[in-house]
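See structure below.
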Amino acid sequence: MVEHLMVHHPRLPQAVMYAAQFAFVGPPGLTAITQEWGVEAAAEPGGEVNPGYLQFKRVVPGTPVNIPEAAKQRAQLAASTPGVSPEVAEGKLEGTTLEAASANFVRALFAGIYLHTGAASTYQFFKSHILSRQLELGSLFTFTQPTRDLARLCAREGFESPVARVISETGRLSRHPVFVVGVFSGRDKLGEAAGASLNEARFKASIKALKSWYLYSPQLKGGELMVPSAMEGEKGKGKTWKPAYIDDGEII
């Protein structure tokens with residue numbers, strides 16, 4: 001997943017890339033896939049349960065499921081009970097959630113496909129069920145000082161310093177004014193946005209300019225972009241490696 005994001009969106013900040021990876025293959029995303037596939041979970045595992053159901057031991061209601069709290073509770077249990085080791089205490093909190101079980105089911109399915117059919121079939125299955133899902137990467141960004149970041153980006157790339165200019169406005173003296181501001185670097189317009197004040201419009205225009213830079217995706221003539229794993233094993237036979245675009249990194 002990471003190599004796909006790095007090749008298709010080489011300018012993504014590290015935090016956004018990790019968030020996108022979690023959105024695609026994290027527990028919530030994998031759980032949504034099981035629901036789309038129609039996977040149903042049994043209320044309680046057992047020999048008489050239909051083997052077509054997902055079986056797992058559910059956690060007791062009220063049990064902390066986040067790792068830090070669960071680890072803290074196990075340590076307290078082991079310390080407060082004489083003769084109880086942490087391993088035994090671990091067993092007293094056994095069980096899992098529906099989300100975790102669903103995510104493990106999808107991971108196990110991918111492992112089974114890889115074991116029995118190989119890497120090529122697994123990658124095609126991955127493309128069909130994971131990469132085919134749509135994710136709005138722009139919604140993962142959070143900017144606190146976009147005007148400063150844009151100025152640093154222009155300085156690093158050798159562009160002219162960004163300048164905000166009013167493109168149009170209406171109702172300046174009314175209760176609901178609207179200002180359309182563009183951010184320019186020389187004669188090139190980097191971003192444009194509307195806002196209820198000049199500062200708000202400049203802020204939004206700078207964000208659009210930064211997003212247009214970070215969401216850049218290289219286009220390859222005569223085929224699709226290649227990921228490093230495409231050259232491994234049987235998949236790589238007869239192929240010519242086409243290097244991916246490498247960016248200087250995010251603005252710090």
Test your reading of the model: is there a side-chain donor-acceptor pair from [X] to the backbone of [Y], 3.5 Å cut-off?
X: S102; Y: T31; answer: no
X: K189; Y: F184; answer: no
X: S197; Y: E200; answer: yes
X: S185; Y: S161; answer: no

Checklist line | Intermediate values then yes/no, ring pair (Phe, Tyr, Trp, His ring centres under 6.0 Å), F143 and F203 | finding: CA-CA 10 Å; F143 297 100; F203 191 90; 8.5 Å; no
Atom pair [atom1] ([X]) and [atom2] ([Y]), whose distance is rounded to the nearest 0.5 Å:
X: I167; Y: F179; atom1: CD1; atom2: CZ; value: 13.5 Å
X: M6; Y: E3; atom1: CE; atom2: CD; value: 9.5 Å
X: L190; Y: S212; atom1: CG; atom2: OG; value: 7.0 Å
X: T147; Y: R152; atom1: OG1; atom2: CZ; value: 10.5 Å
X: H4; Y: S229; atom1: NE2; atom2: OG; value: 11.0 Å
X: L225; Y: H9; atom1: CG; atom2: NE2; value: 9.5 Å

Please determine whether the number of non-hydrogen atoms from other residues, nucleotides or ligands lying under 6.0 Å from atom [atom1] of [X] exceeds 12.
X: Y53; atom1: OH; answer: no
X: Y114; atom1: OH; answer: no
X: F125; atom1: CZ; answer: yes

Let me have the donor-acceptor pairs involving side chains of residues 129-136, under 3.5 Å, with sequence neighbours excluded, atom names and distances please.
{"unit_1": "H129", "atom_1": "ND1", "unit_2": "W37", "atom_2": "NE1", "d": "3.3"}
{"unit_1": "S132", "atom_1": "OG", "unit_2": "S128", "atom_2": "O", "d": "2.5"}
{"unit_1": "R133", "atom_1": "NH1", "unit_2": "E36", "atom_2": "OE1", "d": "3.0"}
{"unit_1": "R133", "atom_1": "NH1", "unit_2": "E36", "atom_2": "OE2", "d": "3.2"}

Notebook entry, point to check: Taking only residues two or more places apart in sequence or in another chain, which ones pass side chain to side chain donor-acceptor pair (under 3.5 Å) with Q35?
Noted result: none
Notebook entry, point to check: Looking at Y214, does the NZ or CZ of R11 lie under 6.0 angstrom from its six-membered ring centre and within 45 degrees of the ring axis?
Noted result: no
Looking at every non-hydrogen atom in both residues, tell me the closest pair between [X] and [Y] and how far apart they are.
X: E99; Y: P27; value: OE1-CB, 3.6 Å
X: A201; Y: A194; value: CB-C, 4.1 Å
X: L137; Y: A20; value: CD2-CB, 3.7 Å
X: C154; Y: E160; value: CB-O, 3.7 Å
X: A100; Y: T96; value: CB-OG1, 3.2 Å
X: L30; Y: V25; value: CD1-O, 3.4 Å

Check: Step by step, would you call L5 with V2 a side-chain contact (heavy atoms from CB on, under 4.5 Å)?
Finding: CA-CA 5 Å; L5 292 172; V2 174; 5.7 Å; no
Flag side-chain contact, heavy atom, 4.5 Å: [X] against [Y]:
X: R107; Y: F110; result: no
X: S206; Y: P162; result: no
X: W213; Y: D247; result: yes
X: R202; Y: L198; result: no
X: E192; Y: V180; result: yes

Notebook entry, point to check: Going hydrophobic residue to hydrophobic residue with side-chain gaps under 4.5 angstrom, can you get from Y216 over to L153?
Noted result: no
Note to self: According to a hydrophobic-cluster definition based on side-chain heavy atoms being under 4.5 Å apart (Ile, Leu, Val, Met, Phe, Trp, Tyr only), do M226 and Y245 belong together?
What the structure shows: no
Next item on the list: Determine, using ring centers only, whether F56 and F105 are less than 6.0 Å apart.
Entry: no
Note to self: Consider side chain to side chain contact (heavy atoms under 4.5 Å, CB included). Of L12, L210, I207, which one does F141 pass it with?
What the structure shows: L12
Next item on the list: For the pair R156 and D248, evaluate side-chain contact (heavy atoms from CB on, under 4.5 Å) and give the outcome as yes or no after the intermediate values.
Entry: CA-CA 10 Å; R156 190 190 73 177; D248 291 334; 4.0 Å; yes
Margin query: Please evaluate residues R58 and T97 with respect to the criterion side-chain contact (heavy atoms from CB on, under 4.5 Å), reporting the C-alpha separation (whole Å), side-chain torsions for both, the decisive distance (0.1 Å), and the verdict.
Written below: CA-CA 6 Å; R58 299 175 184 265; T97 61; over 6 Å; no
Next item on the list: Go through the steps to decide whether F22 and F24 satisfy the test ring pair (Phe, Tyr, Trp, His ring centres under 6.0 Å), and finish with yes or no.
Entry: CA-CA 5 Å; F22 182 81; F24 275 110; over 10 Å; no
